[in-house]
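The structure appears right after this line, and notes come after that.
Convention: sequence-line order gives letters A, B, ...; per-chain numbering from 1. What you are looking at is a predicted structure, and each value in this text was computed from that prediction instead of being measured. The figures that follow rest on heavy atoms only: side chains count, while hydrogens, waters and symmetry mates do not.
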Amino acid sequence: METKLSLYNTLTRRKEEFVPIAPPLVGMYVCGPTVYGDPHLGHARSAITFDLLFRYLKSLGYKVRYVRNITDVGHLEHDADEGEDKIARKARLEQLEPMEVAQYYTNRYHEFMDRMGVLRPSIEPLASGHIIEQIELTERILQAGYAYQSNGSVYFDVEKYDRKYHYGILSGRNLEEMQSGGRSLDGQSDKRSPYDFALWKKAQPEHIMRWPSPWSEGFPGWHTECTAMSTKYLGETFDIHGGGMDLMFPHHECEIAQSCAALGHDQARYWIHNNMITIGGQKMGKSLGNFITLDEFFTGRHEKLSQPFSPMTIRFFILQAHYRSTLDFSNEALEAAEKGLDRLMKAVDTLSKITPSDSSTLDTADLTTRFYEAMNDDLNSPVAISVLFDWVRNINQLLDGSQTISSADLATLRSEFAGMVGDILGLCNEKTAAADDKVAPLMDMILEIRAKAKADRDWTTSDLIRNRLTAIGIRVKDNKDGRSDWEME
RNA sequence: GGUGCGAUGGCCGAGUGGUUAGGCAAAGGUCUGCAAAACCUUGUACAGCAGUUCGAUUCUGCUUCGCACCUCCA
């Protein structure tokens, strides 16, 4: 490999060469969804970003253990003691068991991510299945002296922690600044300081999701699951921790604090954060209520959508922007992505129709070198895709005959190109997939009849066939050699 | 208020101290029975003002505008 993979590490605020702790093993933990609502575009961005990293690391030969959690414990709406659990509230509104809500949205999440070509993680632990581990973590932090009990709840002592470590190391803040510019929370809570966060919360009588603990019947604080589960499955130190930028503070900051307090050190070597999807320049999210769910994208049922957009179009749209840039939603951008993807997938198809020559006028090394250079540069998928498009032109020229390729080079090109598009970028041809095995021979027959009509200069018949096919959504394209191709709209 | 980030051609979106991003859209052409597709050609884009430099869209400073986090959030 000419270049090596470098990744932007939020912790150091620069790109660093990626060096795993114990190659070829790589441990990666990514914060997954809280399952109390339908997945939206934002979830897709995070899932696809780390799916790309997962796929790319694997393609480089690493053996990756990818852990992505499901948060099925609702935590609290507000930081105050009387806050309501998100999942419990949803359950109350829909008259379901909390776990029924969590299961339903977990299923929905899986269904939509599958359709977008997002590979399932190696381990997908549930927060509710790791209460014991979270209690153990809390005990360790208590023993280390960085937490205190208060009315049955346990809180992390941020001020004490900050005297030895640095609370704010990831998000570039420091406690003093936060305190001086701080908003004054009225002392309605059991916390000593407004910046302290809960490791364990005592449940109010009406709180449904609750577990026994040494301190009270209650539930874990919302930062503990990630620390507890990443430690369990990836060890005390692992390679990559990912998530959305909005999780940087306080969530990831608190994870670091918990690790340092319990283990004496941060767990993750590389902290990777994907940027947000915006709509009209503003973050698409729950708090603003301006999000569009994936279901709405796939069906087109949303007032802001001009048409349905397929799962692969969404994936391609996301991949066409760098993961650390904000990506603005618009119908025009999605439509452009749809057409661009179509062009790319057609080229994959075209590759199988090219006949080799004695020599090559193209150098396939150009594709490989530039593609991997882009991917190695902090996963620059937009540039990688632009390299692919340069080769889409080349592939089309090969079909036209204005370029030639040897059979050895063609074999290389086929496997490289398909691997980049399919295995690394995770894009597949939804149109081809739609045509099942029986349709293809049927189409061959129909086009054979049409070819005969064309040979007889019977344009009435040939146009009738083509028009009828167009009407049912099958596009016919005539080639110079008299043969025709077809594709599903 | 604190801490960060951004402003690129009609739209989306990379990148660079001097030489082509790419996609979509648009215009002309080639091919074709017609069409579609494909191919070829076509765009003096880098918010504004100073400064550094032989040269800045790229570096520095300021200005304007926008965004994110500080509260659940991918």
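- Distance check, rounded to the nearest 0.5 Å: CE of M245(A) to CD1 of I272(A) gives 10.5 Å.
- Seen from the ring of F329(A), K304(A) does not count as a face-on cation partner, given the 6.0 Å and 45° thresholds.
- Remark: K339(A) is in phosphate contact with A25(B), judged by side-chain N or O atoms under 4.0 Å from OP1 or OP2.
- Seen from the ring of F249(A), R173(A) counts as a face-on cation partner, given the 6.0 Å and 45° thresholds.
- Taking only side-chain nitrogens and oxygens, R393(A) never comes nearer than 4.0 Å to OP1 or OP2 of U41(B).
- Contact annotation: N274(A) side-chain N/O to A74(B) OP1/OP2 distance is not under 4.0 Å.
- For the pair R343(A) and C24(B), the criterion of a side-chain N or O lying under 4.0 Å from OP1 or OP2 is met.
- Among the nucleotides C12(B), G33(B), A74(B), the one closest to the side chain of S462(A) is G33(B).
- Counting non-hydrogen atoms under 4.0 angstrom, R475(A) reaches the backbone sugars and phosphates but no base.
- For the OP1/OP2 pair of C24(B) and a distance below 4.0 Å, the side-chain nitrogens and oxygens of Q320(A) include no atom meeting the criterion.
- Contacts of D390(A) with the nucleic acid, taken as non-hydrogen atoms under 4.0 Å apart, involve only primed sugar atoms and P, OP1 or OP2.
- Contacts of S386(A) with the nucleic acid, taken as non-hydrogen atoms under 4.0 Å apart, include base atoms.
- Within residues 7-16 of chain A, no residue approaches RNA chain B, by heavy-atom distance under 4.0 Å.
- Side-chain N/O atoms of N107(A) and Q103(A) include a donor and acceptor closer than 3.5 Å.
- Within 4.0 Å (heavy atoms only), N380(A) reaches sugar-phosphate atoms of the nucleic acid but no base atom.
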